[in-house]
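Everything below concerns the one structure shown next.
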Amino acid sequence: MVLMQHAMGATVTRYLLIESRDPCRSHAFGLRCELAAALRTDGAEVTLFLVENAVLGVRAAARLPALDKLAKHGVELLADEFALRERGIGAAEIAAIVKPAHLDTLAGLLAGGARAIWN
């Protein structure tokens with residue numbers, strides 16, 4: 001359906017996936033990353049916003065292949081600045097493909113009509 005809307009010149013659908021679980025401990029994280037990549041391949045704009053313990057996976061030392069794959073697909077990767085601070089993750093530790101963001105950004109995406117999937 002997203003492809004049909006895009007081909008007909010309609011507005012591109014925007015998806016917001018909000019992840020709260022530690023990606024190193026959540027078996028379902030990989031499945032959600034596959035979903036994000038598939039949505040992006042279908043022409044949708046996709047943002048993965050990491051909150052709470054999910055920010056543990058944004059450390060460059062974590063080297064999560066799923067995040068690299070999403071970045072290559074053009075998925076926007078954001079991490080909650082508050083959650084980063086609370087877990088002692090400094091700017092120098094964050095993978096270059098991930099941008100720290102305020103929760104205001106999350107609220108703006110939701111208010112802007114992004115279709116949200118929260119886990």
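FYI, side chains are in, hydrogens and waters are out, and symmetry mates aren't considered; it's all heavy atoms of this structure.
Within a 6.0 Å sphere centred on CZ of R40, heavy atoms belonging to other residues, nucleotides or ligands number more than 12.
For the 3.5 Å distance criterion, the side chains of N53 and R25 fail to qualify, holding no donor opposite an acceptor.
For S26, the side chain to side chain donor-acceptor pair (under 3.5 Å) test picks out R32, with sequence neighbours left out.
Between the side chain of D42 and the main chain of A44, no donor-acceptor pair closer than 3.5 Å is present. No donor-acceptor distance shorter than 3.5 angstrom exists from the side chain of T105 to the backbone of A101, with no hydrogens or angles considered.
Considering only heavy atoms from C-beta on, K99 comes within 4.5 Å of E76 through its side chain. At least one side-chain heavy atom of L64 sits less than 4.5 Å from a side-chain heavy atom of C24. Contact check for L77 versus L70: side-chain heavy atoms found under the 4.5 Å cut-off. The shortest side-chain heavy-atom distance between I94 and P100 falls under the 4.5 Å cut-off. F29 is not listed as a side-chain neighbour of L31, based on a closest heavy-atom distance of 4.5 Å or more. When side chains are defined from C-beta on, I89 counts as touching L56, because their heavy atoms get closer than 4.5 Å. Side-chain contact check for L78 versus V98: every heavy-atom pair is 4.5 Å or farther apart. Within the 4.5 Å cutoff, no side-chain heavy atoms of L110 are placed close to those of F49.
The residues E93 and R87 are annotated as not salt-bridged, no charged nitrogen and carboxylate oxygen being separated by less than 4.0 angstrom.
Here the closest heavy-atom approach between residue A79 and residue V58 is recorded as CB-CG1, 4.1 Å. When all heavy atoms of A83 and V51 are compared, the pair lying nearest together is CB-C, 4.4 Å. Taking both residues in full, the closest heavy atoms of G57 and A62 are given as O-CB, 3.7 Å, listed atom of the first, atom of the second, then distance.
Screening I18, L16, L35 against I117 for a side chain to side chain contact (heavy atoms under 4.5 Å, CB included) leaves a single residue, L35. Remark: of the listed residues I97, L48, T47, L39, L48 is the sole one forming a side chain to side chain contact (heavy atoms under 4.5 Å, CB included) with V75.
Note that the CG atom of L109 and the CG atom of D104 stand 11.0 Å from one another [nearest 0.5 Å]. Separating the CD atom in E19 from the CG atom in N119 is a distance of 5.0 Å, to the nearest 0.5 Å. The structure places CG of L84 at 10.5 Å from CZ of R59, a figure rounded to the nearest 0.5 Å.
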